Amino acid sequence: MADSQGPRTRKHEGIRAIKANAVPGFIHVHSPISIRHSREIIQTLLERGSSQGSENGSFLYVYLDGIQCFSSRLFYYRILEILLNQCNSNSEHEGPIPLEDLKQYTFDLSNFIRALRLISHKCNASIIIVIERVEKFKESLPELWTPLSRLNELARIPLSVITISRASWFELRPLDGSAIDPLLINVNPYNKQDSQTYLINLFPSRLDSTLSPYNPSFKPLYSHFIATLINICTVFLVDEIELGYIASACWPIFVQPILNQWRLQMEQSDNPQLTLPDEDARIRLTKYFSPLISHALEMLYPRTQHITEFVRENKLPEDIYLSDILQTSSIFQIKNKDISTSHSRTHGGRDVPVPPHIQALTTIAKYILVAAFLASHNPPKSDLKLFGRSSNEKGRRKKGGGTVKSRAVSRGKAKVPQRLLGPITFPLDRLVAIVGSIMEEYYEEQKNTESVQSDDENGDDDVNAKDIEMVVRKVQVLATITELVNQGLLDRIASEKAELDTMTYKCTINQTCAFALARELGIESLKDYMYDAEE
Amino acid sequence: MTDLLDQGVIIIPYEEDEATNPAEENIDGPLVRSEIDLPGGPLFRFQAYRQAWEECLERTKKILLKLQKPVVEEVVCCIYDPILQQEDEFLLPNLEMMTILVSCPDRAFARSSIYYICKTLTYTLGPEDSDSDDHLPHALLSQIHETDCANLTLLVKALITGFINFPLHKKPNFKYSSIPSDMHILVRYIEEVKIQYGPQVLLLVVLPDVSLIDPMLLGDFLDLCYCHIPTLPFTILTTTSDMDYLNRVLSRSTLTRLRLEKFRLPCDRQTFEHIVEETFFSLEFSPKLIIGPSGLDMIISDFSRNNATLDGLLSNIQGMSESDWSDFSPSKVLEKTIEGRKLFHNRMRHAKVALRIWNIIRKFCRNRNFKFPNTSLLEISVEVLRMGITDSLVNVAISSIRSLDETQAQALLEELYFFVCGLPSAVRNLTTGLKGQIAGTRNTFTLDKLESFCDFMKRYFRSTLMPLNDIPLLDMWWTDDENLPNSPFNPNVHVSIVTALLEPRGYLDWGMGMSNNNSADACPLPDVSIAFQRYVDSGKMINLYDWHQSFSMAFETPVDQEEDDIMDVDDTPTKPRHKISSSRLAKSNNNPAASKTSIERVDKRELQARFMRTVHELEFVGFLKRTGRRTEHVTKTIFDVMD
């Protein structure tokens, strides 16, 4: 089965092998891009085989999704129930086990195998169990993964297990080598030509009304459209299903000028001449819409937008006709371009806006996020240097302890800066202390200014520090931290016992976001508070 | 009352015997000067307050519903949309499961909109009402709670039982023996339902806030639901604070199976201002109680700084309304009260209309890029309530009207006229003069007339937007106090615990209930307080034995000598120190007279037991930490105890 033939032919061969020879106990089908075609082919073959009977006599089959087998009892029950139902419908007389008693065969593996034997002997048929997305099965029922691969040996009946997955066998096999190697079928992904044929064949053959985008007379135009789409998109994706999704979003917009033109003609005359655009017009139309296709790829592939939303947003107005497009030299203008750019990831950009859900947070929450960012990216030992201030030193603390480079040279050993290593964990106390320290400097409460005016003998800083101490220890601050954990902006590192006095967190916002938040809070330079800021 | 609020945490004392203490007596506490009050005065006031607050709450709830309504309607449309439009215009490569995400920064608000949606669905289209709406599918609901989201088995079980227990008008007779988390139970059940109700059935799964579910579990659950489409036509309905949350946490293969529709509920500064404006400065609704400027200021700052949720806003409004209620006495001059109330409400109505007119002028000018301060209606209202309208604000408005050209002035007059004509009947008769002036200027408009109109407006603003301070008994109709407690809903627990331990008399009932017959000194302090006072005075580390000695002395010596016996501080456990403490220990053992006196008052072993309990209590609260180096040493966790 190593010949370089098309995926379909090779699968046919594989299945034929199953039917002709003594059944191989375990087959693994690996289709890396999408398992959809493997699923479709195997399902049709099984259906046809079970109704007609194969060369080796009849067989019963079960087709399951890996996600459905989330408990072992459910897995046994599902298989046995389906087999029994098939068994009952095939033969006139009663099956080997009444459905009501099925539960007692689902307690463990040996009972399950006993039931399989009973069914197989009674119906005189072999059994095929197909499990797609088997990686999920392996995750949820790891203890059954080896027995499943050797089910043939254990049951000693004609039985074969077929697994379908996007993962290869070498990623899935048990590490202790307890499973036997399966018969491997690797399915190559569609190449460009295959995808094109597949997508063109999707064009419905039903006869719709004249003004539908899927009017059969559009089929030649559709083939050209698909060719253009594939040329634009294959650089980024090869999955034909996704290509089909993008095509179905773009096609109604693409043919709309033609439909508008036709509608106009039908209104003007009783017997209009509805013709497709000629070669030249087609090229111009394609050129006009090429930005739309790349925009669709950008928005639809990560599902930032749904197809209906996309079409609603980019729909052409009713009064744009084919003739208008042929006359202009401009190309399709994408509306809401700013949305698309804000969604696409721009690294290192200075003016990237803070995501809206962070923007909507309260001032205290923003202080906590900035403090958490600092706590996650500074070593704890540097806190005193960065945030501490002595009583006689008024105003700002000393700035950071030199650049990474100078320290590295003096120690003779280079250290990777924390911002490249990712956030470190920090305890709650440290976070609260840093929040207090930043707020002391930047958080202004009207009440403070009043109390400072009335109470001139105390230094401003002392009054402020005391008030901040009151603010920082308030219930709402702690509640806000929990809320931020729930929103996923802070990560609670859960210990096993979930002890209250050892709560540790990690900050999940990135540097750009933290800097933007800091600017919003009036902290001109967050770098001053960072131990190894980027120079 | 204010004393209590200063403590941060309000303690409601536990009443053991409720039968002997009826509710009225509780309210009629020691807070009120009984000699000048009406009989049963506190209760009357409490009832009046309740009524005022309930009206206010009703109003706010209505505003909130109005805010939710457009989103709720869209969502309901969206739920029915794919079923009603059988002919799908798109050629989708695979089926998709409808997933609706309502996002709002205030998650409780989003949640409440979900209940609203469910109510709308079951009320108008549920199986009970099925005869009227035959063309719409029957919606079955399964509400999944957060506690069910521990693992997939529980989640699926909750989903299935939710649907099966959903009350139906004609409930199918259904028995099926299988494993409880088997989706095929639901398949069979829905088959039965379809026989009863026709083929169009909709299964709405209401998930809790998605950010509370483990993303892996959520992905698996959605995949599993998808496996059963279209036999089980699921629609997932859920909420979160972040609109792009699902795009971030779900795998791409799961995302491709969903038809993700996102809706956003507003909950920002504007929404908040809208709610407060519509409650306290609305033309149709006049609340019995107005929150004064400093109270409003506090609500605004609390919303933007600490707690941007609508629940927080409501609690704040309620707290504000309550705070000053107990301080006034209505018995003195009844006529003056009635007069004052009339005057107050009249002035408020005038002020509200004037503020709206001001707002129209502001919007008009800002839309045309005139220089105009960008203060919202609420901020201006707070200013006006505080000290009346300032000259600068009047001048800004008048000078911008003057600088308008002819067409612009006409447009402005048109807007004003439209507004005045549309006023509700309650305030319309108050504004006849204003209406006449606007109509007169509008009908025969020349630029010369604009000048006299400006003068009129100047006088109008000055006369209507006066400070309210001169109204007699103003405190009855509005609650304002410069020394408002710093939000009773956001106390500093740490400070409260420390002050409670240092000064327990303020928190326990002694100060109030028994102050007449018992002096405070005669009541012994709780053990924890005694130990804590010594804790505060000690160094970084505490030797438990020394502490115990010092603790015991509190029981054997008179109160005035206590100061001298405060525990010997053990800063750094060095050897000489240790020697001293051990020598002291020897001394106390060798001194039979001292031990005799202690035995006289409290049994020594009992004292030790009480001390141990106290230490454990303090450790539980978090004031102590074991060092691990020496068994008899513990570390303090707080140092700068605030006075």
Side-chain angles (χ1 to χ4, degrees), chain A residues 36 65 67-68 70-71 73-74 77-78 81 100 102-103 106 133 136 140 202-204 213-214 241-242 244-245 247-249 251-252 302-304 306-309 311 343 355-357 360-365 445-447 466 469-471 473-480 486-488 500-501, chain B residues 89-94 96 103 105 107 151-153 156 177-179 181-184 209 211-212 220 223-224 227 240-245 247-249 252-253 255-256 258-261 267-268 297 301-308 312 486-487 489-495 622 625 640 642:
Chain A
R36 182 178 160 129
D65 192 318
I67 193 74
Q68 287 172 294
F70 52 89
S71 80
R73 285 196 69 192
L74 198 62
Y77 192 90
R78 194 101 307 276
E81 193 192 34
E100 295 78 47
L102 203 56
K103 259 189 176 174
T106 61
R133 289 204 289 172
K136 284 282 174 200
S140 50
L202 281 183
F203 196 88
Y214 295 101
I241 313 284
E242 280 302 312
Y245 189 78
S248 59
W251 174 247
R303 292 292 193 278
T304 315
H306 183 256
I307 198 164
T308 41
E309 205 184 331
V311 173
H343 278 293
H357 66 289
L361 293 172
T362 57
T363 321
I364 294 274
E445 203 167 21
Q446 291 151 343
K447 254 173 69 183
K466 237 174 206 176
E469 177 76 10
M470 286 294 284
V471 171
R473 294 274 173 187
K474 286 200 165 195
V475 168
Q476 201 65 55
V477 172
L478 300 175
T480 309
N486 278 342
Q487 291 190 3
L500 285 176
D501 55 346
Chain B
E89 52 184 318
F90 305 113
L91 195 71
L92 290 180
N94 47 7
E96 288 178 333
S103 73
R107 293 190 293 171
N151 57 44
L152 197 55
T153 317
V156 175
S177 91
S178 171
I179 296 158
S181 54
D182 190 353
M183 276 287 221
H184 284 251
D209 198 314
S211 54
L212 301 177
D220 283 355
D223 278 350
L224 184 62
C227 286
T240 190
S241 57
D242 175 12
M243 206 156 167
D244 291 332
Y245 180 79
N247 285 78
R248 280 196 286 124
V249 299
R252 235 191 66 76
S253 65
L255 270 179
T256 53
L258 307 178
R259 174 175 171 177
L260 199 55
E261 296 278 355
C267 175
D268 48 4
D297 258 350
S301 78
D302 193 52
F303 186 85
S304 65
R305 282 190 184 137
N306 293 321
N307 189 358
N486 193 4
S487 183
F489 303 102
N490 188 10
N492 189 326
V493 176
H494 177 76
V495 172
K625 217 168 143 187
D640 302 326
M642 267 167 286

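Here the structure is a predicted model, which is why all the values come from computation and not from measurement. In what follows, every chain begins at residue 1, and chains take the letters A, B, ... in the order their sequences are listed.
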Okay, B:N151 and chain A: the region with an atom under 4.5 Å from a heavy atom over there is neither
Margin query: Less than 4.5 Å to any heavy atom of chain A: does that hold for the side chain of B:V249, its backbone, both, or neither?
Written below: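 Neither; nothing under 4.5 Å.
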Those residues at least two apart in sequence (or on a different chain) that pass side-chain hydrogen bond (donor to acceptor under 3.5 Å, both in side chains) with B:T153 are none
List in chain and number order the residues that pass side-chain hydrogen bond (donor to acceptor under 3.5 Å, both in side chains) with A:R303, two or more places apart in sequence or in another chain; answer none if no residue qualifies.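 Testing A:R303 for side-chain hydrogen bond (donor to acceptor under 3.5 Å, both in side chains), a comparison that skips the adjacent residues, returns A:E242.
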Margin query: Please rank B:P105, B:S103, B:S241 by heavy-atom pairs under 4.5 Å with chain A and give me the top one.
Written below: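 Most heavy-atom pairs within the cutoff with chain A belong to B:S241.
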Max heavy-atom pairs within cutoff under 4.5 Å with chain A, candidates B:L260, B:D209, B:T256, goes to B:T256
Below 4.5 Å from any heavy atom of chain B, which atoms of A:N486 appear? Answer side chain, backbone, both or neither.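 Both backbone and side chain of A:N486 come within 4.5 Å of chain B.
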Do the ring planes of A:Y245 and A:H306 sit parallel (below 30°), tilted (30 to 60°) or perpendicular (above 60°)?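 Judged by the thresholds at 30° and 60°, the geometry between A:Y245 and A:H306 is perpendicular.
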Taking the side chain as every heavy atom from C-beta outward, state whether A:F70 and B:L224 have any atom pair closer than 4.5 Å.
-> yes
*Scan side-chain atoms only and decide if B:D242 and B:T240 contain a donor-acceptor pair under the 3.5 Å cut-off.*
no
Assert top hit (heavy-atom pairs under 4.5 Å, partner chain B, pool A:Q487, A:R78, A:R36, A:R73) equals A:R78
